[in-house]
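Side chains included, hydrogens not; waters and symmetry mates left out as well; all remaining heavy atoms used. The chains referred to below are lettered A, B, ... by the order of the sequence lines, with proteins before strands, and numbering in each begins at 1.
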There are 2 protein chains.
Amino acid sequence: MTKALERREKLRVDLIRAAEQMIAERGLSGLKTRDLAREIGCANGAVYNLVADVDELVLRVGSRTLHRLDEALSAAESTGNPSPQETLVRIAIAYCDFAAENLELWRALFEHRMAADKILPDWSVNDQLQLFRHIYHPLALLLPERGREELGITARSLFSAVHGMVALGLEQRLVAVPLPALRKEIAGLVRAMIDGLVARAK
Amino acid sequence: MTKALERREKLRVDLIRAAEQMIAERGLSGLKTRDLAREIGCANGAVYNLVADVDELVLRVGSRTLHRLDEALSAAESTGNPSPQETLVRIAIAYCDFAAENLELWRALFEHRMAADKILPDWSVNDQLQLFRHIYHPLALLLPERGREELGITARSLFSAVHGMVALGLEQRLVAVPLPALRKEIAGLVRAMIDGLVARAK
DNA sequence: AGGAAATCTGAACAACGTTCAATAAATATT
DNA sequence: AATATTTATTGAACGTTGTTCAGATTTCCT
């Protein structure tokens with residue numbers, strides 16, 4: 001690897017790190033190419049040698065966020081009471097905690113919209129699909145008679161439901177719920193959902 | 001009422017209607033003051049005599065959307081099987097259908113973010129809180145031993161969970177789910193949630 | 001060392017929300 | 001009815017954006 005390419009790679013990493021920090025501090029709408037350039041010590045235009053456009057930059061930050069989220073969910077998956085139901089509750093709570101602790105980065109995952117004609121790169125799509133896998137496994141234990149396809153859909157629904165509670169719960173727009181209350185609500189509703197799913201499966 | 005003020009009011013209404021149509025057709029990010037001005041036949045700057053800024057404009061469109069949503073949920077509330085459980089399922093499906101039929105306007109409700117220092121006007125906050133009332137009533141019948149406060153929180157959680165399923169379900173980003181499948185999923189999970197809530201309350 | 005290739009720069013562009021001095025219109029006053 | 005005063009409208013201009021690009025600079029290969 002030549003010296004120039006090394007420097008380029010290092011700059012690209014710096015750029016993504018700076019973008020991550022900027023989103024974390026000022027939100028997705030606070031991300032500005034000129035500020036980034038100043039931060040990593042290059043000209044405004046040079047950003048476009050490291051990255052095609054800001055869309056890609058946001059996606060790269062999103063990929064990092066998704067991987068950290070994945071780790072947080074993995075930790076929750078394998079810690080504590082191994083009953084599938086309580087595992088799912090822990091995963092949901094871990095999702096809530098991650099969102100609260102990484103509020104702006106987590107929001108950026110869902111706020112960001114690309115032009116309708118541009119298609120998501122494969123690596124970004126994959127990053128997202130990996131998430132459901134945490135839910136799939138415990139769910140399969142609880143609903144053994146369901147097929148792969150059906151389980152996948154249910155896993156996605158369960159994730160979406162928890163996501164909704166977290167998303168609206170952390171929104172300050174409406175009456176703000178204190179975080180401990182939100183965690184309790186999520187735990188309660190996840191348990192209820194699973195109870196209901198298992199009972200209906202009988 | 002003087003002639004000038006009448007004209008102004010009429011223009012303001014035109015402006016909001018034009019903004020509504022523009023969001024519906026091109027999404028929140030497709031809303032441009034210059035296009036609006038051309039649409040309603042005035043200069044770009046005149047928009048700011050009708051409305052403080054685009055934030056207010058988006059909020060006014062949002063208010064209209066929320067009122068139409070309220071009507072759709074009201075219709076679902078009082079039609080068909082009067083059992084509280086099935087009523088809640090119908091409300092959830094109606095929410096899903098409304099979101100699908102008013103995709104961009106519905107998205108605008110949640111995508112729009114104002115500067116952190118600007119506070120939401122009261123009328124906008126009220127519009128939003130009204131929604132939970134549709135869920136509160138059937139839920140109170142199902143969980144008679146819960147207090148007002150507790151019921152309010154559960155209603156918000158239930159709404160949020162359904163919202164999450166609709167939000168991620170209608171996202172084309174991930175694997176797109178056909179609308180009928182999404183409706184079926186929502187119905188199933190709402191029934192499960194309610195089963196679980198009622199069983200746990202015993 | 002020297003020419004070719006890649007990279008970096010910062011000025012320039014187009015589009016945006018917003019503001020504002022000047023103009024026009026409407027209303028109030030005499 | 002004529003004039004003065006308040007109000008509304010205009011479109012040019014401002015400050016920020018993301019993005020591009022011709023020229024300057026650096027790096028690379030022989």
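- The nearest whole Å value for the distance from the CZ atom in R8(B) to the P atom in dA25(C) is 18 Å.
- Atom-to-atom, CG of L28(A) to P of dG18(D) comes out at 11 Å; the value is rounded to the nearest Å.
- Taking atom CG of L15(A) as the reference point, atom P of dG18(D) lies 12 Å away to the nearest angstrom.
- Between N49(B) and dA8(D) there is no side-chain polar atom (N or O) within less than 4.0 angstrom of OP1 or OP2.
- Remark on DNA chain C: of its neighbouring residues A43(A) and R34(A), the 5'-side contact belongs to A43(A), judged by nearest-heavy-atom nucleotide.
- The existence of a salt bridge linking R64(A) and E20(A) is confirmed by a sub-4.0 Å separation between a basic side-chain nitrogen and an acidic carboxylate oxygen.
- Looking only at side-chain heavy atoms (C-beta outward), T87(A) and H134(A) stay at 4.5 Å or farther from each other.
- As judged by a 4.0 angstrom heavy-atom cut-off over every strand, L31(A) is placed among residues touching the sugar-phosphate backbone only.
- Taking atom CG of D35(B) as the reference point, atom C1' of dG17(C) lies 13 Å away to the nearest angstrom.
- Mapped onto DNA chain D by nearest heavy atom, D55(A) and A46(B) fall at different nucleotides, with A46(B) at the one closer to the 5' end.
- In this structure, K10(B) places its NZ atom 13 Å from P of dT9(D), rounding to the nearest Å.
- R200(A) places a side-chain heavy atom less than 4.5 Å from the side chain of R191(B).
- E185(B) and R156(A) are not joined by a salt bridge, as no carboxylate oxygen comes within less than 4.0 angstrom of a charged side-chain nitrogen.
- At whole-Å resolution of the value, CZ in R38(B) and P in dA15(C) are 11 Å apart.
- Atom NZ of K32(B) is separated from atom C1' of dA14(C) by 12 Å (rounded to the nearest Å).
- When the C1' atom of dT9(D) is taken as reference, atom CG of L11(B) falls 11 Å away, rounded to whole Å.
- One N or O donor and one acceptor, one from the side chain of N44(A) and one from the base of dT19(D), sit under 3.5 Å apart.
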